[in-house]
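Heavy-atom basis, side chains included; hydrogens, waters and symmetry copies ignored.
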Amino acid sequence: MTSQKHEIVFATQNKNKAYEIQGLLPNHIVVKTLSDIGCEDDIPEDQPDLAGNALQKARYIYDKYNVDCFADDTGLEISALNGEPGVYSARYAGPEKDSEKNMDLVLKKLENFSDRKAQFRTLIALIFEGREYLFEGKVVGDIRMEKSGQEGFGYDPIFEPENYGKTFAEMTKEEKNERSHRGRAIEKLAIFLKER
């Protein structure tokens with residue numbers, strides 16, 4: 001454990017996302033965004049799975065800027081749809097990445113299914129001092145029959161974590177962080193970084 005500050009670049013332009021993660025990591029870790037290092041590139045994400053996408057983004061930043069960095073990718077995997085939308089979660093209904101259309105498509109495809117089991121998975125790829133690490137967080141639950149709740153983003157209004165009785169979109173940010181796939185992956189990342 002060190003008291004010296006250590007900067008790590010998170011492969012995102014989203015300052016809110018970075019701020020949220022900063023609050024969950026040890027104090028000596030300083031999270032920077034892509035815009036903090038002057039990166040405006042459209043980083044490719046064309047791998048067949050979540051781990052591949054996260055690694056692809058992290059390697060891109062590491063190779064170009066030679067900085068410690070991490071990237072994440074998240075997917076919703078629905079049993080009855082053979083794991084769809086999975087790696088295509090953000091653009092399931094088309095390249096415009098419209099959350100409402102994505103949810104509508106999932107609900108339509110599940111109309112005739114009683115099995116509504118699903119899981120959210122987040123993979124975080126970290127490149128730290130030249131070595132690669134992967135951290136996974138997942139949460140199982142069900143897809144609701146209709147949207148419910150105003151919080152969160154993506155598929156949150158239709159996903160209800162097991163034994164909770166609320167969708168992610170009906171929870172406060174704190175409640176969601178405690179239970180979410182991303183929160184669980186970040187927790188593993190935080191434990192790793194605490195020892196460094």
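Atom OG1 of Thr122 sits about 7.5 Å away from atom CD1 of Ile186, to the nearest 0.5 Å. Remark: Arg144 CZ to Ile158 CD1 distance equals 11.0 Å, nearest 0.5 Å. In this structure, Lys194 NZ and Asn27 CG are separated by 9.5 Å, a value rounded to the nearest 0.5 Å. How far CD of Glu178 is from OG1 of Thr172: 7.5 Å, rounded to the nearest 0.5 Å. How far OH of Tyr164 is from CZ of Arg179: 3.5 Å, rounded to the nearest 0.5 Å. Residue Leu193 holds its CG atom at 6.0 Å from CZ of Phe128, rounded to the nearest 0.5 Å.
At least one donor-acceptor pair under 3.5 Å links the side chain of Tyr155 to the backbone N or O of Ser89. Gln22 places a side-chain N or O within 3.5 Å of a backbone atom of Val31 that can act as its donor or acceptor partner. Proximity of a side-chain donor or acceptor of Asp98 to a complementary backbone N or O of Glu100 within less than 3.5 Å is detected. Panel note: side chain Asn53, backbone Leu50; no donor-acceptor pair is recorded below 3.5 Å.
The shortest heavy-atom contact between Met145 and Leu107 is O-CD2, 3.7 Å. Summarising the geometry of Arg184 relative to Gly137, their closest heavy-atom pair is CB-CA, 4.0 Å, with the distance given to 0.1 Å. Between Ile61 and Cys39, the shortest heavy-atom contact is CD1-SG, 4.2 Å. The heavy-atom pair separating Asp73 from Glu45 by the smallest distance is OD1-OE1, 3.7 Å. The two residues Asp68 and Glu129 come nearest to each other via the heavy atoms OD1-N, 2.8 Å. Contact detail for Ser148 and Ala169: the closest heavy-atom pair is O-CB, 3.6 Å.
Not counting sequence neighbours, the partners of Thr167 by the side-chain hydrogen bond (donor to acceptor under 3.5 Å, both in side chains) test are Glu170. For the side-chain hydrogen bond (donor to acceptor under 3.5 Å, both in side chains) test, no residue two or more places apart in sequence or in another chain qualifies with Asn102. Judged as a salt bridge (Lys or Arg N to Asp or Glu O under 4.0 Å), and not counting sequence neighbours, Lys138 has no contacts. Every residue two or more places apart in sequence or in another chain that forms a ring-ring contact (aromatic ring centres under 6.0 Å, His included) with Phe120 is listed here: Phe159, His181. Considering only residues two or more places apart in sequence or on other chains, Tyr133 meets the ring-ring contact (aromatic ring centres under 6.0 Å, His included) condition with Phe192. Under the salt bridge (Lys or Arg N to Asp or Glu O under 4.0 Å) criterion, Glu175 pairs with Lys166, sequence neighbours left out.
A salt bridge is defined here as a Lys NZ or Arg NE, NH1 or NH2 lying under 4.0 Å from an Asp or Glu carboxylate O, and Arg182 with Glu20 fails to meet this definition. Taking 4.0 Å as the cut-off between side-chain N and carboxylate O, Arg121 and Glu136 count as a salt-bridged pair.
Residues Ile8 and Leu25 are not in side-chain contact: their nearest non-hydrogen atoms beyond the backbone lie 4.5 Å or more apart. The shortest side-chain heavy-atom distance between Pro161 and Met171 falls under the 4.5 Å cut-off. Two residues are said to be in side-chain contact when any heavy atoms from C-beta on lie closer than 4.5 Å; Lys15 and Asp36 meet this criterion. Side chains of Lys147 and Met103 form a contact here, defined as non-hydrogen atoms less than 4.5 Å apart. A heavy-atom distance below 4.5 Å is not found between the side chains of Phe153 and Ser99. Put simply, the side chain of Ile43 reaches to within 4.5 Å of the side chain of Leu34, judged on heavy atoms. Side-chain atoms of Asp72 and Phe10, non-hydrogen and from C-beta on, do get closer than 4.5 Å to each other.
The number of heavy atoms from other shown groups lying within 6.0 Å of OH (Tyr65) is above 12. The number of heavy-atom neighbours closer than 6.0 Å to CG of Asn82, taken from other residues, nucleotides and ligands shown, is 12 or below. With a 6.0 Å radius and a threshold of 12 heavy atoms from other residues, nucleotides or ligands, Glu96 has its CD atom above the threshold.
Hydrophobic clustering (side-chain heavy atoms under 4.5 Å, transitive across Ile, Leu, Val, Met, Phe, Trp, Tyr) groups Phe70 together with Phe135. Leu123 and Tyr88 fall within a single hydrophobic cluster, where Ile, Leu, Val, Met, Phe, Trp and Tyr are joined by side-chain heavy atoms under 4.5 Å apart, directly or via other members. If you chain together hydrophobic residues whose side chains sit under 4.5 Å apart, Ile29 and Ile124 fall into the same group. Clustering ILVMFWY residues whenever any of their side-chain heavy atoms sit less than 4.5 angstrom apart, transitively, puts Ile127 in a cluster other than the one holding Leu134. No single ILVMFWY cluster, assembled from side-chain heavy atoms under 4.5 Å apart, contains both Tyr60 and Tyr62.
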Working note: Thr12 + Ile21, criterion side chain to side chain contact (heavy atoms under 4.5 Å, CB included); need CA distance, chi angles, decisive distance, verdict.
CA-CA 11 Å; Thr12 183; Ile21 284 188; over 6 Å; no
Check step by step if side chain to side chain contact (heavy atoms under 4.5 Å, CB included) holds for Val67 and Glu7.
CA-CA 8 Å; Val67 290; Glu7 291 184 356; over 6 Å; no
Would you please test Ile78 and Phe113 for side chain to side chain contact (heavy atoms under 4.5 Å, CB included) and show each step?
CA-CA 11 Å; Ile78 300 169; Phe113 287 96; over 6 Å; no
Before you tell me yes or no, could you show the steps for Leu76 and Ile143 under side chain to side chain contact (heavy atoms under 4.5 Å, CB included), namely the whole-Å CA-CA distance, both residues' side-chain angles and the distance that decides it to 0.1 Å?
CA-CA 10 Å; Leu76 173 65; Ile143 302 298; 4.0 Å; yes
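Results of the side chain to side chain donor-acceptor pair (under 3.5 Å) test with Asp142 over Arg116, Lys117, Gln119 single out Lys117 as the only residue that passes. Of the options Lys101, Lys109, Lys97, a side chain to side chain donor-acceptor pair (under 3.5 Å) to Tyr92 is made by Lys109 and by none of the others.
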